[in-house]
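I have placed the structure first, in the form of structure tokens, so that the comments after it can refer back to it.
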Amino acid sequence: MEVDREDGRSQNQLRPLACSRNILHRAHGSASWSQGDTKVLAAVYGPKAGTKKNENPEKACIEVIWKPKTGQIGKPEKEYEMILKRTLESICILTVNPNTTTSIIVQVVNDDGALLPSAINAACMALVDAGIPMKHLAVAICCCVAKSGYVILDPTKLEEQKMKAFAYLVFPNSVRSVLPEGSLRVEGEPIENGIITSVTHGIMSVDDYFYCLERGRAASVKLSDFLRRNLQQQSTDSSKAG
Amino acid sequence: MAAKPGSAPVTYSPNLGQKTRPPIFKDNDLDWVRPDGRGFHQCRPAFFRTGAVNSASGSAYAELGSTKVIVSVFGPRESKKAMMYSDTGRLNCNVSYTTFATPVRGQGSDHKEFSSMLLKALEGAIMLETFPKTTVDVFALVLESGGSDLPVVISCASLALADAGIMMYDLVAAVSVSCLGKNLVIDPVLEEESYQDGSLMLTCMPSRYEVTQLTFTGEWSTPDINEAMQLCLDACSKLGKVMRTCLKEAASASQE
Amino acid sequence: MCFFPLFRSKENRLTMGLPNASGDLSTEVEVDAFRRLFPLRFYEKHLLESIRPDARPLGRARETTIALALAKIGSTTMLAAIKMEVMTPSLETPDEGCIAIDFHMPPICSPIVRPGRPAEGAPVVAKQLSDTILSSGMINLKELSLVSGKAAWMAYLDIYCLDADGALFDTALLSAVAAFSHLEIPVVSLNDDGKIVLSEEQGLSDREPVNKEKRKINLSSVPFSLTCVLHKNYILADPTAEEESIMDTIVTVVLDSSSQLVSLHKPGGTVLAYTSAIQDCIALTRQRVKELQKILEEGISGMEVD
Amino acid sequence: MEEADEMVTPGEVLGKATDLKAGKGAYAASHNNTIYASLTGFRRIQAPPPASNDKRPTVEVTGHKAHGPVPEPGSVVIARVTKVMARTASADIMCVGPKSVREKFTGIIRQQDVRATEIDKVDMHLSFRPGDIVRAVVLSLGDARAYYLSTAKNELGVVSAESSAGATMVPISWTEMQCPLTGQIELRKVAKVVN
Amino acid sequence: MVGLSVGEKHFIQGGIAQDLRSDGRKRLTYRPIYVETGVIPQAHGSARVRLGATDVIASVKAELGKPSALQPDKGKIAIYVDCSPTAAPMFEGRGGEELSTELSVALQRCLLGGKSGAGAGIDPTSLVVVEGKVCWDLYIDGLVISSDGNLLDALAAAIKAALSNTGIPKVDVAVETRSDEQPEVNISDEEFLQFDTSGIPVIVTLTKVGRHYIVDATSEEESQMSSAVSISVNRKGHICGLTKRGGVGLDPSIILDMISVAKHVSEQLINKLDSEIAAAEASEEES
């Protein structure tokens with residue numbers, strides 16, 4: 001079935017992606033990420049010595065500070081901070097720099113839908129730029145479920161509001177492994193099928209959700225390729241080492 | 001979605017009728033009956049239960065009429081970093097209200113002095129020297145404010161301390177008396193407190209027969225003071241018995 | 001002189017400390033110490049025997065009770081209360097009321113909460129609760145309207161955590177649902193200067209009540225939730241605070257009475273959730289919804305008896 | 001000789017100081033020399049030790065729910081090392097004796113308290129690593145922040161440590177532990193197991 | 001806290017036991033009390049009171065406000081005490097805050113009477129201009145400049161003096177407009193109304209050291225106290241408020257005895273204070 005979207009995209013089509021790293025000079029690492037008109041800046045400071053209280057000093061601690069476009073932060077931003085923190089913790093190797101704190105500041109430049117996924121992608125790239133040790137990258141995508149049941153990817157703000165429900169999904173990036181095909185499978189599924197983070201809003205059927213997963217995974221492959229290309233091309237022409 | 005973030009519309013409670021003081025106090029007091037039909041010198045039946053909160057070292061729940069409070073005790077535990085070294089233990093108290101405790105939503109915040117008054121009522125009964133350098137935290141939450149909140153909190157807190165196994169010289173029982181016109185009414189409810197002429201709160205160690213805290217407001221003649229204090233002392237010793245039975249039941253239950 | 005890692009011997013003795021084994025106190029003490037020092041090893045020993053330290057099978061939730069708006073799952077306890085106040089509805093929605101949801105963790109509920117600053121987790125749970133309750137469509141906000149464009153109910157739902165031992169969201173949601181199902185709206189009428197007043201209190205019997213028929217809110221498609229922690233290939237339903245603290249991958253599934261998915265929440269965590277795990281979590285939640293519906297009905301009918 | 005146990009609560013009179021001594025869970029009030037209970041539990045009378053010249057039996061309150069253990073000077077504790085610095089290592093006290101604490105207490109092991117000999121040659125980083133489990137004795141209540149701990153005895157020191165490979169290491173001498181996976185040897189102040 | 005050697009402690013306690021205190025006073029005699037009024041020109045009323053080295057200032061500010069819905073026939077009175085860190089080292093940081101709130105609460109309890117306003121030093125109904133609409137709100141601020149014990153008694157005295165020094169501008173109300181509107185008021189700047197301060201109680205703090213109790217304790221003596229009871233007494237000899245400080249329990253009979261002693265002591269104190277206030281007012285007129 002075909003659906004026409006305001007901006008003439010097909011339902012599985014993402015908006016144009018753009019990412020540039022090492023854009024801030026005082027930060028240890030930084031990246032700007034945009035999907036269509038949604039744009040987010042992320043800056044990484046650290047690892048700095050010492051952890052905050054109630055944090056395990058035997059591991060590296062990650063703190064996330066969310067800066068909205070306007071106004072000061074409320075409950076939604078607090079939730080974003082928590083989700084980002086836990087998502088990034090799960091992709092970083094925290095045992096390498098015990099008893100240190102790494103702060104990630106996320107600045108929303110413009111919100112035109114799929115804000116949290118964009119923020120996660122931005123933060124992830126900033127961590128790479130800062131040379132923080134990571135197990136793998138994370139790729140985040142937003143899937144919207146319409147009343148009539150079809151699913152569209154990477155919605156604009158307008159689409160988000162019109163849809164009955166949506167899901168923010170985060171997967172590990174698809175890996176090009178030197179090991180023989182299939183050796184990296186977990187219970188028959190490739191690693192990149194595992195869900196790092198899932199946040200949904202609005203009512204959908206369980207089948208809708210799994211349909212979202214399927215679509216999201218497909219899209220995450222495209223995103224991974226984009227990240228890989230972006231990293232390769234910038235690591236060649238970037239003066240910055242690690 | 002229907003949520004309206006940020007926008008906080010002004011709201012009012014439809015049932016807030018003007019509280020005006022009944023005229024009867026002027027002269028013929030005697031045919032007047034209390035809102036809950038109690039005798040002037042009759043306390044509300046007291047219900048106590050220890051071990052209300054598992055996450056705490058000790059806790060207690062108290063219910064007198066519509067006054068309902070929970071007290072948790074934590075520690076003895078590490079004192080906050082800021083504090084300086086001390087050979088004796090520290091007691092730290094805090095009293096807070098739920099937003100729905102009071103008739104007007106979120107009115108409970110105007111009881112800031114309660115925390116320090118709770119501390120003063122308890123500190124004399126606790127053997128602080130038995131937990132040097134550490135702190136015992138006593139946190140109270142008033143679920144429903146039905147009058148005599150502070151006395152109920154104090155009695156409940158001493159039960160929670162006993163439940164936590166903190167060494168004490170004695171339990172602390174607390175009762176207050178309101179002065180309405182010529183009448184002294186014990187264990188007043190919220191309505192009575194709202195138009196009282198004076199009040200007296202007495203907290204004591206029932207077994208040792210010692211007063212740990214005593215406060216008056218309003219104008220009192222010596223005979224009234226004598227009567228009021230005696231009322232409170234008697235009520236406290238009764239209350240003390242109820243508290244002890246509660247502790248014993250809990251302890252013997254845990255024996256099984 | 002001879003050397004032995006201290007806890008080798010204890011790990012072997014641990015099995016005797018297991019709930020199913022004969023509880024011999026002399027070892028219990030050491031098990032308690034071992035549990036404190038090596039929580040993960042302690043748990044993995046139990047998981048191998050597919051039993052939890054509190055003697056629960058992995059998939060089973062703790063004992064759950066509801067009394068009025070007090071919900072208890074294990075020792076996690078939540079008290080919810082709704083205060084109805086009157087507001088002037090917004091222009092966009094002249095005949096809709098509003099629900100303001102907040103979640104509180106007072107210092108009494110846990111050793112980690114201190115007076116003064118609020119518990120860090122609380123605002124996040126509050127957000128999840130209002131998202132879930134409002135998006136579930138359990139309550140039709142039109143039912144909260146009194147006089148179109150003039151007056152509507154603002155329902156303040158405040159949930160207090162009285163004892164925190166894991167699965168906070170599940171318990172809070174349950175208490176909220178219970179609170180709404182017990183909610184009785186007073187009969188009110190409009191007085192001369194356009195204010196809403198209680199009919200009986202003001203003795204305005206002559207005045208026509210504006211909400212005669214709207215004394216109760218009827219709940220359509222009630223949401224119920226189950227939180228699970230993932231560890232390796234294990235799924236533990238309804239975790240305690242200890243389990244949440246040592247196994248950091250948490251999945252919360254919310255289904256409504258017609259088993260539609262209201263929310264599937266997995267904020268990060270070391271374990272990646274594969275399709276099968278998600279399916280298992282949803283299946284566990286389906287069972288749980290049935291249990292909870294039953295408990296809730298009993299709770300309500302129990303109230304109506306007395 | 002024991003008499004029928006009765007349940008008592010704090011403040012209840014246990015007897016007169018003239019014919020009883022106050023044991024644990026009890027105290028004697030000087031002003032009216034009366035003995036009261038300070039805890040909830042059973043009133044027990046212990047006959048005086050035949051040796052002592054004080055012939056008063058001791059009254060105590062037992063079987064009560066005691067509060068969580070608190071470190072005291074002299075008590076043996078088990079702690080997890082959190083930070084290692086040039087002159088001190090800080091550790092969270094997890095167990096006092098065999099009992100685990102409800103909430104951790106902070107302890108400090110100072111360079112001079114790591115071992116009994118050559119205390120000036122001690123290198124903290126070759127004695128402890130973050131995450132190590134140590135058995136130590138409480139020297140003193142310490143300062144505002146922490147209890148002072150000592151491992152300056154054979155049976156005190158690291159009792160359990162993970163190698164950088166993440167395996168539990170095996171002690172091979174009183175200064176070395178070995179990783180069973182990699183065979184790599186790491187330096188520690190190792191505790192001799194008492195048995 | 002005052003650091004004292006064992007010898008000093010014994011000397012203080014012994015002196016008190018023999019009814020001859022370190023500064024030569026008997027147990028129940030106050031230090032000489034000095035009152036100075038109108039010390040803060042901007043305030044509607046103010047006074048400074050010195051008891052030995054204890055030195056406090058009280059000021060009264062009056063502002064027009066709206067009575068609370070629950071008590072439409074009463075004006076509002078707020079009492080706040082500030083302990084300047086210069087007064088004593090222990091006032092720095094939180095210590096000062098705690099003491100400030102403790103003193104403020106004690107003063108409110110002793111001077112403002114019960115919820116209905118009965119037994120209040122100042123009759124709150126006298127502050128109402130238009131019932132339910134306009135009233136005077138009194139802001140009473142106490143400042144501790146230097147502390148050598150017995151702050152509460154000194155502050156209460158200062159407040160009494162400040163209030164009798166207070167003049168509140170006369171207010172005439174424009175003819176009633178509508179029931180739901182705030183009426184027009186105009187504040188005169190010639191005519192001032194005085195308070196009747198005869199009903200304002202004094203506070204007598206009895207500090208228990210050993211088996212005896214003393215009035216007007218210095219901070220050295222306070223450091224030796226087991227507990228203290230502050231009792232506010234008015235001219236009629238009625239008790240208008242009471243607060244106990246210090247943790248140690250007291251036998252009820254002792255408290256009752258303390259109350260009767262306080263009543264006895266208060267008589268002289270009130271007379272002394274009134275004459276001092278009168279004198280101060282007089283000297284202010286001249287200057």
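Lettering follows sequence order; numbering is per chain, from 1.
Summarising the geometry, atom CG belonging to Leu213(A) is positioned 13.0 Å from atom OH belonging to Tyr274(C); distances are rounded to the nearest 0.5 Å. Note: His136(A) NE2 to Leu272(C) CG = 5.0 Å, rounded to the nearest 0.5 Å. Taking NZ from Lys266(C) and CD1 from Ile83(A), the interatomic distance works out to 12.0 Å, rounded to the nearest 0.5 Å. Rounded to the nearest 0.5 angstrom, Lys164(A) NZ and Ser135(C) OG are separated by 12.0 Å. Here the NE2-OG1 distance, from His265(C) to Thr200(A), works out to 9.0 Å after rounding to the nearest 0.5 Å. Rounded to the nearest 0.5 Å, atoms NZ (Lys135(A)) and OG1 (Thr270(C)) are 6.5 Å apart.
Within the 4.5 angstrom heavy-atom criterion, atoms from both the backbone and the side chain of Leu264(C) approach chain A. Contacts between Val170(A) and chain C at a heavy-atom distance below 4.5 Å are absent for every atom of the residue. Only the backbone of Ser259(C) comes within less than 4.5 Å of a heavy atom of chain A; no side-chain atom from C-beta onward does. Looking at Val271(C), only its backbone comes within 4.5 Å of chain A, counting heavy atoms on both sides. In this structure, the portion of Phe210(A) lying under 4.5 Å from any heavy atom of chain C is its side chain and not its backbone. Neither the backbone nor the side chain of Leu230(C) comes within less than 4.5 Å of any heavy atom of chain A.
A heavy-atom distance below 4.5 Å is not found between the side chains of Leu261(C) and Ile203(A). In this structure, the side chains of Glu79(A) and Asp131(C) come closer than 4.5 Å at one or more pairs of heavy atoms. No side-chain heavy atom of Asn193(A) sits less than 4.5 Å from a side-chain heavy atom of Thr275(C). Annotation: side chain of Val262(C) is not in contact with side chain of Met204(A) (no heavy-atom distance under 4.5 Å).
The candidate from Ser221(C), Ala273(C), Gly137(C) with the greatest count of non-hydrogen atom pairs under 4.5 Å with chain A is Ala273(C). Interface check for chain C: of the options Ser90(A), Gly194(A), Ala138(A), Ser198(A), the most heavy-atom pairs under 4.5 Å are formed by Ser198(A).
Enclosure of atom NZ in Lys222(A) by more than 12 non-hydrogen atoms of other residues, nucleotides or ligands within 6.0 angstrom is indicated. Heavy atoms of other residues, nucleotides or ligands lying less than 6.0 angstrom from CG of Leu48(C) number more than 12. When the shell of 6.0 Å around CD of Gln72(A) is examined, it contains 12 or fewer heavy atoms from other residues, nucleotides or ligands. In the displayed structure, Lys48(A) atom NZ is contacted under 6.0 Å by more than 12 heavy atoms of other residues, nucleotides or ligands. Atom NZ of Lys59(A) has 12 or fewer heavy atoms from other residues, nucleotides or ligands within 6.0 Å.
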- request: Assess whether side chain to side chain contact (heavy atoms under 4.5 Å, CB included) is satisfied between Val199(A) and Gln128(C), documenting all intermediate values.
  value: CA-CA 10 Å; Val199(A) 177; Gln128(C) 281 172 263; over 6 Å; no
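When all heavy atoms are compared, the tightest approach of Met82(A) to Pro267(C) is SD-CB, 4.0 Å.
For Lys75(A) (side chain) and Val124(C) (main-chain N/O), no donor-acceptor pair under 3.5 Å exists by modelled atom type.
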